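Have a look at the structure below, then the notes.
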Amino acid sequence: MYSLLPIASLLGFVAAKPLISPTINLLNRADSGCSASGTASCTNTSSVSDLCCFESPGGLLVQPQFWDTNPSTGPSDSWTIHGTPFDTCDSTYDENCDPSRAYTDIAGLLSQNGASSTLSYMQTYWVDINGDNESFWEHEWAKHGTCMSTLEINCLPSGSAKGAEAVAYFETAVKLFKTLPTYEWLANQGITPSSSVTYSLSTLTSALQSSSGGYTPALDCDGSNLNQIYWYFHLKGSVIDGTFVPISAPQAGSCPSTGIRYLPKSGVSIIHFRFIVSSSGSLPAKATIVALQSGSQVGGLLLLGTWSTQTLATFTITGTALGFTMTSSKGTCGVSGGAFSCGSGVSSTFPAVSSGSDLLLASGGTSTWTSDGKPSGTTVYPVYTGTARSQDYTLAIRTST
């Protein structure tokens, strides 16, 4: 066992070795200026005045994970992130503590603050069962993140950008999730999803105790079907770069003692957008993608996926309005880290959203796209999802002539 485990070591673990150490330092990029080796939250015997470096009153941090089967979310061999909420030390909690910091467009916020890799990971492993990732992320931050004392504005490093504390929250949640490979831990003990096998609660918790280094999570069930797990921690220092101290769950979950089913993800996967998608609209095999602002065309996309008023590219469309791929002569098109592009190494499946007589290109829960400026002449601009930049528009799929 290690006394302090950096994230790089955590991700390169040997499966037979327990992953959770007595302390987990996530080594976030930001520097809170706090010590990560002092008193852990909920263990102090006297009052603490510096709540920028001591999480209080919500010092019982939780890393809940979903196992959604029908509809299914995330990869078939991984649980997904619910968030990183926290409870007070007596297991009650506050919520929605600062409406002025209830940020929207989390995807844009992460992209603008150098956390594109975190966003990309969230788009696979932190997904909403109803297909609205953005609202899910906004909800988790507003409900839980705004109540964390170590993420108050006055606790941030000098010169921090607006929303930096939310970026720290999501980066920490993702890094903590990566230290808790629940699917692998169960599989290492011979427990894998099945439509016919049932397990006792003691079998499941013993398997997770063995793999995690002796810590017992809480398991929730929908009836007899396993669907959520809760890993608990105390915290030394700040949420930004503190040390997470694993503990066993202070209370049991809702699963029965016997007859628990760990079902495979056999349901229809969610397509992640918040609009009603046209299943009847006909997509052209060859298309140009035009940009619309206030109903008027302002150029469209070039071969590399940039916004321009020059001669538009022709794209090959494969699939239906419920899910299709796009290709230009430069390669497949996709969204990575909130940025749209076409070329090697990027590929996405997109839905098409009906808007009047148009089918609009959508991604990541929105059909709105954004750029840092409006193109003119030979000036082009990269294209991003969301509404975080100066120019917002939609992208309509038009038959190439």
Side-chain angles (χ1 to χ4, degrees), residues 19-20 58 60-87 91-93 95 121-122 124-133 135-137 139-141 143-145 169-170 172-174 176-187 189 191-195 197-209 211-212 215-233 244 246-270 272:
L19 182 58
I20 294 184
L60 183 62
L61 287 97
V62 192
Q63 169 47 241
Q65 300 176 10
F66 284 136
W67 182 256
D68 296 320
T69 60
N70 192 11
S72 63
T73 59
S76 61
D77 59 351
S78 177
W79 291 57
T80 56
I81 305 171
H82 182 166
T84 300
F86 67 93
D87 296 342
S91 294
T92 60
Y93 63 90
E95 60 182 34
Y121 193 88
M122 288 167 55
T124 299
Y125 294 96
W126 195 335
V127 290
D128 178 47
I129 196 169
N130 295 313
D132 192 351
N133 292 348
S135 290
F136 184 22
W137 301 336
H139 167 82
E140 289 300 308
W141 161 250
K143 182 176 181 179
H144 303 298
Y169 169 82
F170 287 104
T172 294
V174 165
L176 191 58
F177 174 77
K178 289 180 178 179
T179 72
L180 300 164
T182 300
Y183 184 94
E184 293 180 27
W185 284 348
L186 289 171
Q189 302 297 320
I191 299 173
T192 55
S194 169
S195 298
V197 178
T198 61
Y199 299 96
S200 66
L201 181 60
S202 61
T203 296
L204 295 172
T205 55
S206 294
L208 293 166
Q209 283 178 325
S211 294
S212 68
Y215 304 99
T216 304
L219 301 180
D220 269 0
C221 289
D222 180 8
S224 61
N225 298 330
L226 182 62
N227 71 345
Q228 192 161 201
I229 188 169
Y230 302 84
W231 296 99
Y232 285 84
F233 298 86
F244 284 76
I247 63 171
S248 290
Q251 57 191 18
S254 64
C255 286
S257 58
T258 59
I260 299 171
R261 300 199 303 167
Y262 180 25
L263 295 174
K265 292 185 179 182
S266 57
V268 176
S269 296
I270 289 293
H272 302 289

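This structure is a prediction, so every number in the text was calculated from the model and none was measured.
- Leu208 has its side chain within reach of Leu219: a pair of non-hydrogen atoms, C-beta onward, lies under 4.5 Å apart.
- Proximity of a side-chain donor or acceptor of Gln251 to a complementary backbone N or O of Ser91 within less than 3.5 Å is not detected.
- We find the CG-CG distance between Asn227 and Asn70 to be 12.5 Å, quoted to the nearest 0.5 Å.
- Aromatic ring centres of Tyr215 and Trp231: separated by at least 6.0 Å.
- A heavy-atom distance below 4.5 Å is not found between the side chains of Pro85 and Lys143.
- Atom CG of Asp220 and atom OG of Ser254 lie 3.5 Å apart (nearest 0.5 Å).
- Distance check, rounded to the nearest 0.5 Å: CG of Asn225 to CZ of Arg261 gives 4.5 Å.
- The main-chain N or O of Thr203 is never found under 3.5 Å from a side-chain atom of Ser206 such that the two would form a donor-acceptor pair.
- Closest heavy-atom contact between Lys265 and Thr80: NZ-CG2, 4.3 Å.
- Nearest heavy atoms, Phe170 versus Trp137: CZ-O, 3.4 Å.
- Here CG of Asp128 is found 8.5 Å from CZ of Phe66. Values are rounded to the nearest 0.5 Å.
- Closest of all the heavy-atom pairs between Trp185 and Ser212 is CZ3-CB, 3.7 Å.
- When all heavy atoms of Gln63 and Ala173 are compared, the pair lying nearest together is NE2-O, 3.5 Å.
- One finds the CD1 atom of Ile191 at 5.0 Å from the CG atom of Leu204 (value rounded to the nearest 0.5 Å).
- Put simply, the side chain of Ser76 does not reach to within 4.5 Å of the side chain of Pro264, judged on heavy atoms.
- Below 30°, between 30° and 60°, or above 60°: for Tyr262 and Trp79 the angle between ring planes is between 30° and 60°, a tilted geometry.
- Using a 4.5 Å heavy-atom threshold, the side chains of Pro217 and Tyr230 count as separate.
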Quick one: do His144 and Tyr169 satisfy side chain to side chain contact (heavy atoms under 4.5 Å, CB included)? Show the steps, please. CA-CA 9 Å; His144 303 298; Tyr169 169 82; 4.2 Å; yes
Could you check Ile81 against Leu176 for side chain to side chain contact (heavy atoms under 4.5 Å, CB included), going step by step and ending with a plain yes or no? CA-CA 10 Å; Ile81 305 171; Leu176 191 58; over 6 Å; no
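- Ring to ring, Phe177 and Trp126 are not that close: their centroids are 6.0 angstrom or more apart.
- In this structure a side-chain-to-backbone donor-acceptor pair under 3.5 Å is missing from Thr258 to Ser200.
- Leu186 contributes atom CG, which lies 7.5 Å from atom CG of Leu226 (distance to the nearest 0.5 angstrom).
- The minimum heavy-atom distance linking Ile260 with Pro256 is given by the pair CD1-O, 3.2 Å.
- Here the shortest heavy-atom pairing between Tyr232 and Ser248 reads CB-O, 4.4 Å.
- The closest donor-acceptor contact from the side chain of Trp67 to the backbone of Leu263 lies under 3.5 Å.
- Using modelled atom types, no side-chain atom of Asn133 and backbone atom of Val127 make a donor-acceptor pair closer than 3.5 Å.
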